[in-house]
Amino acid sequence: MAAAAAAAAVAEGPEVLRECGCKGIRTCLICERQRDGDPAWELPPQKAHRFIYCPSMGWAVGAKESDFEEWAFPFPGVTLIEDFVSREEEAEMVRLMDRDPWKLSQSGRRKQDYGPKVNFRKQKLKVADFTGLPSFSREVVRRMGLYPGLEDFRPVEQCNLDYRPEWGSAIDPHLDDAWLWGERLVTLSLLSSTVLSMSREASGCLLLCSAPSGSAEALVGGVTAFSRSVLCREVEVAVPVPRRSLLVLTGAARHQWQHAIHRRDVTARRVGATFRELSAEFSSRGRQQELGQQLLQIALSFQGRPL
């Protein structure tokens, strides 16, 4: 009962923001309600064709009752680990997050950053104020290393984002930086489920075949020839992200497909904790390996406070 009460308390949280952190073309429900006259903002347009990611197969399958129902294409680079933490661990993590201040962020979000201060445009960073990842992430990072593909994952940055439907929270399609951050992006999703929407702005087409049925093993000899195509720019792949799951993006899903969370897919308070590793430039034998070692030593001391 105590754990359930704690979970309910962190899920509710404060109801409104005093102000928002939106800049430029970014907006949220807070600033949109304050504007007079015709709205000057535009919500991101929906892609013409939606596909749903199927974790058991690793394919994106055309949504039901759409023009591409029963059509599919392989979608590599997504790993989903469900029930990565328990409800009790989830409640305790969010309780500890909420003890520290949250900063206003764009598009109706709040954030907590545990990492070096970075100017990505100039490719410069400052170590001075970085104190490491938070203490409550020590067990999370240890547990990551028990899963295939994450055995050597050593995060040097953690970013917590707080999403609320009453704020109109969202995050626009984007690719994470590749100068500082490495191959794997790892996100722990807390308090509620959501959908990660993935899209490409590349020219050209995606080749489709009849949607395979059954498990991944059945694909070996069961896939028919690719016989249909769709423009890349018209496709959105919806990746369902359950509550308390761990999502890993690598390869094409990391570097070619932009990821976003639309406002329509935030239906309750959600906290996403994203962990990032260093790129090759800051790793062993990289040009800035000494700086990378310094950052790792600080990060994995687990004594951090949000910047």
Side-chain angles (χ1 to χ4, degrees), residues 10-47 50 94 97-98 100-115 117-121 157-178 180-181 185-201 233 236-243 245 247 249 253-254 257-276 306-307:
V10 297
E12 290 176 4
E15 294 183 354
V16 295
L17 286 171
R18 291 182 179 273
E19 56 181 320
C20 75
C22 296
K23 300 176 183 178
I25 63 171
R26 305 289 185 263
T27 70
C28 67
L29 286 177
I30 306 300
C31 58
E32 289 169 15
R33 288 168 180 160
Q34 295 172 348
R35 302 186 182 189
D36 296 324
D38 295 332
W41 61 90
E42 291 186 5
L43 296 178
Q46 294 189 20
K47 296 287 183 176
R50 203 173 204 213
V94 179
M97 289 178 187
D98 284 342
D100 288 325
W102 290 87
K103 291 185 178 180
L104 293 172
S105 186
Q106 300 207 62
S107 302
R109 305 185 309 270
R110 296 188 307 171
K111 67 179 180 179
Q112 292 174 335
D113 285 320
Y114 297 86
K117 290 186 176 180
V118 185
N119 185 322
F120 292 107
R121 184 173 60 85
E157 194 246 18
Q158 176 178 338
C159 179
N160 302 332
L161 290 178
D162 188 1
Y163 296 78
R164 312 284 184 101
E166 63 268 27
W167 301 342
S169 300
I171 189 164
D172 288 345
H174 68 284
L175 291 173
D176 280 35
D177 172 78
L180 179 60
W181 307 135
L185 300 178
V186 182
T187 299
L188 179 61
S189 194
L190 304 172
L191 296 183
S192 67
S193 301
T194 191
V195 174
L196 191 72
S197 296
M198 308 196 73
S199 58
R200 290 183 67 178
E201 294 304 317
R233 292 178 179 176
E236 180 179 78
V237 177
V239 180
V241 183
R243 178 179 180 178
S245 67
L247 179 70
L249 300 181
R254 156 76 168 100
W257 289 81
Q258 295 182 330
H259 56 275
I261 295 178
H262 298 313
R263 186 182 294 182
R264 63 177 181 267
D265 293 318
V266 179
T267 58
R269 186 188 181 191
R270 174 185 176 267
V271 173
T274 296
F275 299 82
R276 298 179 175 92
L307 299 176

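Computation of the quantities below employed the complete heavy-atom set of this structure, encompassing side-chain atoms and omitting hydrogens, waters and symmetry-equivalent molecules.
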How many angstroms lie between CZ in R164 and CD1 in I30, if you round to the nearest 0.5 Å? 11.0 Å

Taking N160 as the fixed residue, which of K111, Q112, R110 is the one that meets the side chain to side chain donor-acceptor pair (under 3.5 Å) rule? Q112

Test L249 against L196 for side-chain contact (heavy atoms from CB on, under 4.5 Å), laying out the working first. CA-CA 11 Å; L249 300 181; L196 191 72; 4.1 Å; yes

Identify the two heavy atoms, one from V195 and one from I261, that lie closest to each other, and give their separation to 0.1 Å. O-CG1, 3.9 Å

Are any of the side-chain heavy atoms of L190 and M97 separated by less than 4.5 Å? yes

Qualifying residue, where the test is side chain to side chain contact (heavy atoms under 4.5 Å, CB included) with P165 and the options are L29, T267, V266: V266

Is it true that D162 and R269 make a salt bridge, defined as a side-chain N closer than 4.0 Å to a carboxylate O? yes

Closest heavy-atom pair, P101 versus P306, reported as atoms and distance to 0.1 Å, is O-CG, 4.3 Å

Grab the two heavy atoms, one from R109 and one from A170, that are nearest each other, plus how far apart they are. NH1-O, 2.7 Å

Working to the nearest 0.5 Å, report the span between CD1 of I171 and OG1 of T194. 11.0 Å

Which atom pair, heavy atoms only, marks the closest approach of G108 to C22? N-SG, 4.1 Å

R254 side chain near D176 side chain, heavy-atom distance below 4.5 Å: yes

With a 3.5 Å distance limit and no angle check, can you tell me whether S193 reaches the backbone of R243 through a side-chain donor-acceptor pair? yes

Side chains of W181 and T274 in contact at under 4.5 Å (non-hydrogen atoms): no

Under 3.5 Å, is there a donor-acceptor pair between the side chain of R233 and the main chain of E201? yes

Looking at every heavy atom in both L180 and D177, which two are closest together, and how far apart are they? N-OD2, 2.7 Å

For a 4.5 angstrom cut-off between non-hydrogen side-chain atoms, does W257 reach V237? yes

Donor-acceptor pair, side chain of R26 and main chain of K23, under 3.5 angstrom: no

Set of side-chain hydrogen bond (donor to acceptor under 3.5 Å, both in side chains) partners for W102, sequence neighbours left out: D98

Once rounded to the nearest 0.5 Å, what's the spacing between atom SG of C159 and atom CG of L185? 11.5 Å

When S197 is tested against each of R50, H259, Q258 for side chain to side chain contact (heavy atoms under 4.5 Å, CB included), which residue passes? R50

Heavy atoms of C20 and C31 approach each other most closely as SG-CB, 3.7 Å

Verify, without hydrogens or angle tests, whether S189 (side chain) and S245 (backbone) share a donor-acceptor contact under 3.5 angstrom. no

For the side chain of K103 and the backbone of L307, is there at least one donor-acceptor N/O pair under 3.5 Å apart? yes

